[in-house]
Structure formats: C-alpha cells, structure tokens
Colleague: 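Please find one structure pasted underneath; my questions will follow.
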Protein chains: 2
Amino acid sequence: MQQPDVARLTQALRDLVAVVSRDSATRGLSRTAAGTLSALDRHGPCRVSDLTRLEAVGQPAMTGLVQRLEATGLVSRTSDPSDRRATLVAITDAGRSALAERRRSQDALIAARLGRLSPDRLDALDRAVDALVELTQEDHDQPH
Amino acid sequence: MQQPDVARLTQALRDLVAVVSRDSATRGLSRTAAGTLSALDRHGPCRVSDLTRLEAVGQPAMTGLVQRLEATGLVSRTSDPSDRRATLVAITDAGRSALAERRRSQDALIAARLGRLSPDRLDALDRAVDALVELTQEDHDQPH
DNA sequence: CGTAATACATCAGGTGCTGATATAGTTGGT
DNA sequence: ACCAACTATATCAGCACCTGATGTATTACG
C-alpha cells in the first residue's frame, strides 16, 4: 500500500471513530461503563481490581462506577467468600440488555451508512472484512 | 454483501471505535474539545452558539469548554463587533498543535495495527479505502 | 419606544476521572 | 498465635464536563 493511501485510510478510520463515538456518547452508557459491562459479560464475575486493570482506570473510578451501575441494576455486588476484602461484581440481565441495546444502536448507525454505498463499494468493504477484524484483534484489553 | 458479513463488519468497526476511543481518552483533549477545535480549524472563528450546534452539546457546556480552552491557550475569545451579545471563538496556533498531536497519536495507533497485517490484508484494505472514506462523508456535523 | 427574541453567562446538581488516604482483611516470619 | 507488611476496597477533595433552569445584556420588531 502506498504512503498516501495509508494516510487516507487512517484518516477515514479516525473520522469513523469520531462519528460513532459522538453518537454513542448520547446514549446512556459511558465508554468505561460499556467496556466494564462487556468485560463482565465475557469473563463472568470479576473483582473491582480486575475491572480496574481491564479498563485502565484508577481504582476509585471503578469503585464509583460499579456503585452507580449497581444503583441502576446493571450489575450486582457480592462479597467474595474466598477473600472478604474483595467484592465480586457480576452483570445482571438488565446489564446484558443495556449492552445489547448499545451495540444495536451502534450497528444501526453503521448499517445506515453502509446502505448509502454503491454495490462496488460494498463489495470492496466485504473483501476487507477479515483485515478489519484482524485490526482489532490481539487486544487482551478487549473492546466493548 | 451477505448478512453475516454485515454483522462481522459492523462488529469490527465497533471494536475499532472502542480501541481508538479508549486510547484517545487518555490523551488530554476530551472528545468535545477535539471536535470543537477541529470545527474552528475548518470553519474559522465561530460563535459559541454555532459550536453548540456543531457539537450537539448544551450551550452551558460549550461556554464552559470554551472558557477552559481559552485558559489553556488553545482558543481565543473576542467580542463580535457586529453583535455585542456574541463571542467570537478562534483557534490559536497552540490549538492547532494540540489537534495535530491528537491526530498523530491516533494515526500512530492505527498505523501500528496496520503494520501487523499481512500484505494480502493490507491490499484488501487498500481497495476499500474509498468505501471507508464515503462511509464517513455527508456529515455536515463533521468528525474531529 | 417598549416588548419579544437572541447570545451568552451563571448556578445547582450529577457523572466520571485523579491522587491521597482510611479501613478492613490476609499473609508471612517469628 | 502474633504482629508487621501487604492487599482490596472505600472514601475524600478537587477538577472536567454534562444537563436544565435562570439571569443579564443586547438586538430586533411591531
């Protein structure tokens, strides 16, 4: 790939990120809240300190977030029987719904834009799907 | 494009958004601050109410943001001579630098990931660049 | 000329982040 | 079994950043 096209590609991806994240910001869950719910959905119950590491925020931020998520019913908190200092945080059904809802609205935004493309453009994107998937893989600190 | 591939594509794009925006969150400028600086860079001096519309935040939020940006030297504020109620906000050289710096770090993140792909994958992406660019166009409410 | 509309500032209140510190529970050396 | 060190979480002060309600200055209009 030539240099100018790398520049166009990164700019297009940057712009896409801007469009989607601005939209997502108006829909209830903060970025960290969505990431935390997603981590809980994938990993099962976690300690606050695990979530702190996964989401790369400070421990007080995660404690506060988990408390707010519990207040709105999206997670539950129970004392870890194997270590009474620790709190086990688990996603609830309402939490899974909120996460699915967020994904649906992001997908709807992207799908609406895909719908405006010509068949040729869609075909080019189709052939690039594997590359795009690889672009986000090998993130141990996983996406939402 | 078949249905499952639309699903994979939207998920890949969602994940990409998550990765890039999490990274960007740790680098100084808030999403709205970056969008505002970008708008000022493209449009030239704007009123607070113009920026409020462009960034889709409430007017008090924009007034506060502009005040903080002025305090850190990224924008200047002058009274509009044609309407003394209004404030004209303009980006400064420092503001342009901050914006360029943010774009550089986002580009670096994306470029690092591109570097891990095989030539075949890169080629597929290269052919999809035009489609990706179109995907973000026709946004009057422009990206950062 | 006075009322309505406009542009912005300000205030109260909530989220969400940081660094510093407190509290409770666990662990390891004696 | 004890106590010092360590660990997990909670709490606090402080700032960024958002909203809705309200205040103030200026402009526009009948």
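Just so it is clear, the structure is predicted and the values come from calculations on it, not from any experiment. Just so it is clear: chains get the letters A, B, ... in the order the sequence lines come, proteins before strands, and each one is counted from 1.
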Colleague: Salt bridge or not for A:R113 and B:E134, using N-O below 4.0 Å?
Modeller: no
Colleague: D:dC18, C:dG16, C:dA5: which one has an atom nearest the side-chain heavy atoms of B:R85?
Modeller: C:dA5
Colleague: Which is true for A:G64 with a 4.0 Å heavy-atom rule: it touches a base, it touches only sugar-phosphate, or it touches nothing?
Modeller: nothing
Colleague: Give a yes/no on whether any side-chain N or O of B:T32 is located under 4.0 angstrom from OP1 or OP2 of D:dC18.
Modeller: yes
Colleague: Can you confirm whether more than 12 heavy atoms, excluding those of A:R127, are under 6.0 Å from its CZ atom?
Modeller: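 Counting other residues, nucleotides and ligands, CZ of A:R127 stays at 12 neighbours or fewer.
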Colleague: Side chain of B:R47 only, heavy atoms from C-beta on: which candidate in D:dG20, C:dA7, D:dA8 is closest?
Modeller: C:dA7
Colleague: If you check every side-chain atom of B:V48, which of D:dA10, D:dT11, C:dC8 has the closest atom?
Modeller: C:dC8
Colleague: How would you label the contact of A:A61 with the nucleic acid (heavy atoms, under 4.0 Å): base, sugar-phosphate, or nothing?
Modeller: base
Colleague: 5'-most contact on DNA chain C: A:G58 or A:D83, nearest heavy atom basis?
Modeller: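 Per heavy-atom nearest nucleotide, the more 5' residue is A:G58.
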Colleague: Using whole Å, report how far CG of B:L74 lies from P of D:dC17.
Modeller: 11 Å
Colleague: Starting the side chain at C-beta, find the nucleotide from D:dA8, D:dG20, C:dG16 nearest to B:P60.
Modeller: D:dG20
Colleague: Check whether any side-chain nitrogen or oxygen of B:T26 sits under 4.0 Å from OP1 or OP2 of C:dC17, and answer yes or no.
Modeller: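 Checking B:T26 against C:dC17: no side-chain N or O falls below 4.0 Å of OP1 or OP2.
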Colleague: So if I take every side-chain heavy atom of A:T63 and compare against C:dA9, C:dT15, D:dA10, which nucleotide ends up nearest?
Modeller: D:dA10
Colleague: Once you round it to whole Å, what is the distance between P of C:dG16 and CG of A:L37?
Modeller: 11 Å
Colleague: Between A:S49 and D:dT9, does any side-chain N or O lie under 4.0 Å from OP1 or OP2?
Modeller: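 Affirmative; the distance criterion is met.
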Colleague: Answer whether the closest heavy-atom distance between the side chains of A:L54 and A:H43 falls below 4.5 Å.
Modeller: yes
Colleague: What is the separation between atom CZ on B:R53 and atom P on C:dT6, rounded to the nearest whole Å?
Modeller: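 So the CZ-P distance, B:R53 to C:dT6, works out to 11 Å.
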Colleague: In whole Å, what is the span from the CD atom of A:Q59 to the C1' atom of D:dA10?
Modeller: 7 Å
Colleague: Can you find a heavy atom in the side chain of A:R42 that is under 4.5 Å from one in the side chain of A:S38?
Modeller: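 Heavy-atom side-chain distance check passes, below 4.5 Å.
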Colleague: Name the closest nucleotide to the B:S30 side chain, picking from D:dC17, C:dC17, C:dT10.
Modeller: D:dC17
Colleague: Would you name the heavy atoms of B:G73 and B:T92 that are closest together and state the gap between them?
Modeller: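 Reported closest heavy-atom pair: O-OG1, 2.7 Å.
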Colleague: Check B:V89 against B:L40 and note the closest heavy-atom contact, atom names and distance.
Modeller: O-CD2, 3.4 Å
Colleague: Atom CG of B:L51 and atom P of C:dA9: how far apart are they, to the nearest Å?
Modeller: 11 Å
Colleague: Please determine, for the side chain of B:R68, which listed nucleotide (D:dC18, C:dC8, D:dT19) has the closest atom?
Modeller: D:dC18
Colleague: Using OP1 and OP2 only, check whether a side-chain N or O of A:R77 sits under 4.0 Å from D:dA10.
Modeller: yes
Colleague: Using whole Å, what does the distance between atom C1' of nucleotide D:dT9 and atom CG of A:D80 come to?
Modeller: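 Whole-Å distance recorded here is 12 Å.
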Colleague: Nearest-Å distance, CD (B:E70) to P (C:dC8)?
Modeller: 14 Å
Colleague: Does D:dA25 have OP1 or OP2 under 4.0 Å away from a side-chain N or O of B:R84?
Modeller: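 False: B:R84 side-chain N/O out of range (4.0 Å or more) of D:dA25 OP1/OP2.
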Colleague: Between P on D:dC18 and CD on B:Q67, what's the gap in Å once rounded to a whole number?
Modeller: 13 Å
Colleague: Can you tell which of D:dC18, C:dG19, C:dC17 lies closest to the side chain of B:V57?
Modeller: D:dC18
